[in-house]
Every structure is written in structure tokens, then in C-alpha cells.
There are 2 protein chains.
Amino acid sequence: MNAKGPSPQKSEVRPPKAEVRSIADLARIAGVSVSTISRALTGKGTLNEKTRERVRALADEHGFRLNVAAQNLRLGRTGAIGVLLPLGHDRGQHLSDPFFSAMLGHLADELAEHGYDLLMSRVLPGRANWLDDFVRSGRTDGVIVIGQSNQGAVLDAVGRHYRNLVVWGAHGTDLPYLTVGTDNVAGGALAAEHLLARGRRRLAFFGNVEAPEFAAREQGFLAALPPDLRAQVEIVPIQLTPESSFAAASAYFAAGNRPDGVFAASDIIGMSIVSAAAEQGIVVPEAMSVVGFDDILLARIATPPLTTVRQDIAEGARRLVALLLQRIAGADVASVLLEPRLVERGSS
Amino acid sequence: MNAKGPSPQKSEVRPPKAEVRSIADLARIAGVSVSTISRALTGKGTLNEKTRERVRALADEHGFRLNVAAQNLRLGRTGAIGVLLPLGHDRGQHLSDPFFSAMLGHLADELAEHGYDLLMSRVLPGRANWLDDFVRSGRTDGVIVIGQSNQGAVLDAVGRHYRNLVVWGAHGTDLPYLTVGTDNVAGGALAAEHLLARGRRRLAFFGNVEAPEFAAREQGFLAALPPDLRAQVEIVPIQLTPESSFAAASAYFAAGNRPDGVFAASDIIGMSIVSAAAEQGIVVPEAMSVVGFDDILLARIATPPLTTVRQDIAEGARRLVALLLQRIAGADVASVLLEPRLVERGSS
DNA sequence: CTGTTAGCGCGTTCAC
DNA sequence: GTGAACGCGCTAACAG
């Protein structure tokens, strides 16, 4: 709300009636006690139905609403969930990445449905205790971290003593925090099998293996190949932003490399590869098959439409929120692993 | 923070030392008063430098941080800014739209830099008073609305009595709220001039004119054409999501329409058009020039790279935040109109 | 330079 | 069925 009291504030939600800034004000006007107001407006406790109606009508008339901050302070909660985007391995990624923004949108919907606000924060993990600081500031009742990035150590440390933490990312054995994520190893295998089925033999993997999600995709990809092919796969380290992945792909093709099958660790990378290849006269899918990962909405309208390993973002968001809220309620819950699915389109 | 007191909560940030949950606890341990703690930790007021250091060290040692909620309650502020995404004209748009997510990311950065949290909320304007409700709930010190959508009436009504409101969107004369936005009329004109310069004469505009931003782009586009061409421009109403814009574009070309120059109201629409055209054997840019709007990061890696009217999102976010914070501080400020710029790439 | 104290706006016993 | 009083954790006078 606006600053109160002795501030230079001139702007206020100015209802037609007198200023009602607290339940005390309303109590005075209504001729009842503050606790009656509280009971009427929260619906908690027992109260004569007529009194309740009268108070509510009066509150409406004055445009009065309970102050959520004070309410939360009193209740020892904040009513908000923090959603953090660590940008450890790749500055500028994430929110420029359609995958993360889609996730964010679904999280917002899901949290709103459960009466929670979504407090968003991008983090450039300069200080090692960025997560600890956030948790300790007490601004939220729980934290969802989108992507492990290269911050595994930080997550481990905080996860050990703070339980209301759920992370979107790679599933690990014995992680001290909850995770929800796609089975990246299985996803990598799907890509490998598809490229093999297409008769591709000169294979390459484009991705940043600093982040465990991508490392797992690479691992699953390699494991699903016959040993002779596996040994020849080219691993191309690449950043996740459109600009840098495009630049890296261009350089790669310009250097004369000519794989006939490429697995990209994300759809953005996949689209960059297609675009860079086109510039060098490499025709997709005739001369080269490209498989992405994520199935962002744009994959469908890419030219050609991108074959990709689909992650169910909406389901992921649902599970993240469900798990976290159960944790906050004190329940004992387990991490979730989602199955990926191959979506065949024109790029392969 | 976690629920406190009599909750079933078992998980806590458990520092090595004793539990320190409030400045009172820390005061006891340090052997000083609560106000000394407050002064030491906030840096406000005067305090012996040694005492300050000692208290800070002690706080660190116990992993104690000031409770932001209580702090804000006391200060009569919330420390958060609401960012609302009305989905009036187009469900599912916005967060799936790279433009909006890029904006969101920049807003998050900019707000964080000024010590504010970003409270995000997607709104399906079912109830006419969605904005009023949000404002009155007192959860934030101010509100940024991204896109007017078709909610002009709501914005007008709220803007008249609530001043801490800034809207990204079309600039209008006599709007009762602050706006920051690109000069969409000028942007439309840039697109028109570019297509004319390319020798294109059979022109089309793809966009949803329910939203004032897009209506202004169309208007600027038409106004910059010679009368004879203007009369023949085809206006193709289209939704903004990738799926629906792609479907609409496909249908349009399948019906035999063959414009040689297209102005798309957004880059997503532009990419959809290119993709749909390719499916029908229409080669871009040889047979048809396509100009988008926004210059999202993906425009650069599209195939072919998309010519577009660039909006400076980062600058827009900066101005939105600056204006709002000045308003909150009680300053008198004016709306901002940003100049668009044409970026020529391969699609035209 | 530091301590005491009175609230910020609300929810919740415990009386009546 | 309703009211009085206390306190959530913090800041800012006002004293000393």
C-alpha cells in the first residue's frame, strides 16, 4: 500500500467516505470492537450472522481491506513463495529463455490458485550465500529454485537445514532437498535413438555441461549409442543464450565440421544450430537432423519445425507447488521425476 | 520464513548457535538494547563503530537477519512492487511471449537494484475490479501493469484515484495514469517505409487490434502508405500466441492470398508467418518480405533472421521503475515515449 | 552514544 | 455472541 503517516504521499485510494485505515477505525464507526471486525472480515471464529453482514457491508462501503502484511506478521507467515532463478553458468539466460518464462507463468497460476503470491528474484550468485540470505530474510514461506545451474554446493548446504525448498532440475540420489524434473538421461536416450533411426552416424552434442540437467542429457545421449559411434561424438560446449549459441554454432560450421545428426541441449540451441547451418548452406533436415530439448511453444513455428524432447512444463509447475506446500504443511514428501517424450517434426 | 510458534513445523534454519529469532534475542545475547541492534543492523542512526561491528559479527555468527515483514509493517510500506499481466484480449499470451518475459526479467533486475521485491501476478480479468482489488489488498507499494490489453476502462478508473500506477503500453492523451511505451505509430511507419523501399506493393498487416498498442502500430503503418496502396492493405486479425498465429497465417496463405509485403504486429506473429509461408512454398524474402515488431532475442536466430521494429525493453523497464519510484516518493513526473528503430535482417 | 517505550495493524486467548 | 488485552518483530522518538 502507499506509505502511511508522515510521508509526503498525496495519492491514496480515496474512498467516498472517511478514511478507514485499520480495523480500529472501522470498529469505531461500526460501534463494535476490533475483534468483531476481525472475525467478520476473516470469517474465522463465531459471530452473529447479522453483525458479520453489517460489518462487511460497512467495509465495502469504505473500501476497506485487511492489511495483508500485518495479518501475516501476526500469523507468522508471509503468504508468498519465492521463485529464484540462479544465473550461475550463464548470465542472461533464463528469463530470455522461453522455457523458464513458461515455467514462471505456470508457477504464478498455480501459486495464485493456492492463495500465495509469487515473489520473483533473479540471482547472480556472486556471494556464495545468496540462497541462505534470501531464506533468512524471511520474505517468503518457501522457495522454489528454477534450475540448479552450477550452484549444487549452495543448494546442498541450504537444503540441509532449510526444508521448505524445492528445486526444478536434475534428480540426484541423496540430495538434501526436493527436486522436480524431467528424466534427462531418458530424454538424451530418446534423442540418440531417434537420430540412429534416421540413419545418422556422424553425431554431435551441443550443450553446456556445467549445469547438471545438461550433463545428464549428454550422458543419456552417449549411453544410448553403440560404442563405436559414441567415441566419435563431438561435444560442443555452448552457452544458452540465443546470441552466444548462434555464434558458437556458426563458428563450428564455418570451421568445416559437418555432422549429420545433432542433439541440442535446448530448443533455443537447436534453433540456433538450424539457423547457423542455413547460413552455411547446410540444409535441414536433408543434410543434417537436429533434435532439441524442451518443446517450447516456438519449436512448432520454427523453420523447419523443430523435432524435440518434450518436457511437460505445466505438470512440472503443478508438482513443484504441490510438493512445496505439502512440505510447508509438515508432510513427508518425495522428489518427482517426469517422463520426457519425443516429438517428431520437420527438423529431423 | 517458516511458520512460527505453535505450527507443526519441524524445519528451521538451524544455525550452529542458539536460536535467535528476533532482535530481542540478539539484544539479550549481546547485552545491549533492541534499538542498538536495530541501529547496528540497519545502519541508520548513530552508533559507536565498535558496537556496530560487534553486533554485526554476532548476528552473522547466529545467522540472524532482520525480519523484512516486521520491518515493513513498522515502516508503513511493503517493499514490494506488483507486476500485473492482464490477459484480457488473449489468454495464454504474455508469459509465453518472449517480449513480456524479457520485460519481466529487466524489471526484476531494476527493482532489485532499488531494494524492492517483485510480486508477480497474472490476471484473467474476469471481475471488472481486478486491479482495484489488488491495489486495495495493500500487498505492494506500487503497481506496474504490462500492456493495456483491452482493459483501458479499468486502468482509467483505478488511475483516477490511485497514483502509484505505471503502465507499459500505448501513450494516450489525458490518460489518468503514467505510461511508458514505444511510439507505436512511428514504429508502424518505419515498417511501411521499409516495405515500400523494398518495392513491395501488395501489403498486409497481421495483428490483434483489440489492444491499443497494436491498433497504433496498424494506424502508423497505414498512415505512412500512399492512399492507393493503403486502400488495398489486407488487415488480418490474429491472436498473439504462436499456435494461433501460425494457424491463422496458414489458413490465410492456404486460401490463396499472396501479399508481397507483410507487417506483423509482433515478432512471434512474424515468425509464424514465415513458417506458414514456407509450408506453402512461399520463399521469404524473395517472394515476400516480412517485418516484425519487438526485436526479441529469437528474431536474430530465426530462419531467415527477422527484420523488425525494435523496442528497447531494457530502457523501458528502467523508465517504468524510475517513474514509479518517483511517484511513490511524491514527485511529479510525466509519461515516457520511446523511439523505435528498424533493424534490417534477412526476412525482407 | 545508548536505553526505554510506544506503536505499525492485526489475530487470538480469555473473560464476560 | 462479543470485548479487552497482549504480542508478532521491528523502528523511531525521547530520555538519559
Side-chain angles (χ1 to χ4, degrees), chain A residues 1-7 9 19-55 59 62 64-79 136-139 141, chain B residues 1-7 9 12-13 19-56 58-59 62 64-79 136-139 141:
Chain A
M1 82 219 73
N2 298 326
K4 305 241 172 85
S7 95
Q9 202 62 35
E19 299 268 19
V20 179
R21 323 181 72 79
S22 70
I23 58 175
D25 291 351
L26 197 59
R28 209 171 304 119
I29 297 177
V32 297
S33 74
V34 290
S35 41
T36 294
I37 304 288
S38 173
R39 283 190 272 254
L41 264 35
T42 59
K44 293 180 185 171
T46 75
L47 194 58
N48 183 306
E49 199 49 44
K50 276 180 195 156
T51 319
R52 173 161 294 161
E53 276 320 308
R54 195 168 62 82
V55 170
H62 290 267
F64 176 75
R65 300 257 317 236
L66 291 173
N67 180 314
V68 180
Q71 200 170 26
N72 287 334
L73 177 64
R74 177 60 237 244
L75 294 176
R77 52 164 265 167
T78 69
R136 287 225 169 93
S137 74
R139 286 179 293 178
D141 297 327
Chain B
M1 85 222 75
N2 298 327
K4 303 244 172 84
S7 94
Q9 203 62 35
E12 290 291 345
V13 175
E19 301 267 18
V20 179
R21 324 181 72 79
S22 69
I23 57 176
D25 291 352
L26 197 59
R28 207 171 306 118
I29 297 178
V32 297
S33 74
V34 290
S35 45
T36 295
I37 304 288
S38 173
R39 282 189 275 255
L41 266 33
T42 60
K44 294 180 185 171
T46 72
L47 194 58
N48 183 306
E49 199 49 43
K50 276 181 196 156
T51 318
R52 173 160 294 158
E53 277 318 309
R54 193 167 63 82
V55 170
R56 288 196 168 162
L58 207 59
H62 290 266
F64 176 75
R65 298 258 320 236
L66 291 171
N67 180 314
V68 180
Q71 197 172 30
N72 286 333
L73 176 64
R74 178 58 236 245
L75 294 176
R77 50 166 263 168
T78 69
R136 286 228 169 89
S137 75
R139 286 177 295 177
D141 297 326

Of the listed nucleotides D:dC8, C:dA6, D:dT2, the one nearest the side chain of A:Thr46: D:dT2
Spacing of B:Leu75 atom CG relative to C:dG9 atom C1', expressed in whole Å: 14 Å
How is B:Leu47 classified with respect to the nucleic acid when contacts are heavy atoms under 4.0 Å: base, sugar-phosphate, or nothing? sugar-phosphate
Could you tell me the separation between the CZ atom of B:Arg65 and the CD atom of B:Gln71, rounded to the nearest 0.5 Å? 9.5 Å
Taking N and O atoms by type only, does the side chain of B:Thr36 place a donor or acceptor under 3.5 Å from a partner on the base of C:dG3? no
With nearest nucleotides of DNA chain C determined for A:Ala70 and B:Val32 from heavy-atom distances, which residue corresponds to the more 5′ nucleotide? B:Val32
As a test of reading the structure: which of C:dG3, D:dG3, D:dA12 is closest to the side chain of B:Ser33, going by heavy atoms? C:dG3
Base D:dG9 paired with A:Arg74 side chain (donor-acceptor, <3.5 Å): no
What's the closest nucleotide to the side chain of A:Thr51 if the choices are C:dG3, D:dT2, D:dA4? D:dT2
Please report the distance, rounded to the nearest Å, between CG in B:Leu66 and C1' in D:dC8. 15 Å
Name the nucleic acid region contacted by A:Ser38, choosing base, sugar-phosphate or nothing; use a 4.0 angstrom heavy-atom cut-off, strictly under. base
Grab the CZ-C1' distance between B:Arg39 and C:dG3 for me, whole Å please. 8 Å
Is there side-chain contact between B:Phe64 and B:Asp25, with at least one heavy-atom pair below 4.5 Å? no
Just the rounded figure in Å: distance from P of D:dT2 to CD1 of A:Ile37. 11 Å
What does A:Ser22 touch in the nucleic acid at a heavy-atom separation under 4.0 angstrom: a base, only the sugar-phosphate, or nothing? sugar-phosphate
d(CD, A:Gln71; C1', D:dG7) in whole Å: 16 Å
Taking atom CG of B:Leu26 and atom CD1 of B:Ile29, what is their separation to the nearest 0.5 Å? 6.0 Å
Atom pair distance, as rounded to whole Å: CZ in A:Arg139 and C1' in D:dG9: 17 Å
Given pairs defined as Watson-Crick or G-U wobble with both distances under 3.5 Å, what dot-bracket annotation applies to DNA chain D, with ( ) intrastrand, [ ] crossing, | other strand and . unpaired? ||||||||||||||||
Take the protein atom CG of B:Leu26 and the nucleotide atom P of D:dC10, then report the distance between them rounded to whole Å. 9 Å
From C:dG11, D:dG3, C:dC10, pick the nucleotide closest to the side chain of A:Thr42? C:dG11
For the pair made of CD1 in B:Ile23 and P in C:dG7, what is the distance, rounded to whole Å? 17 Å
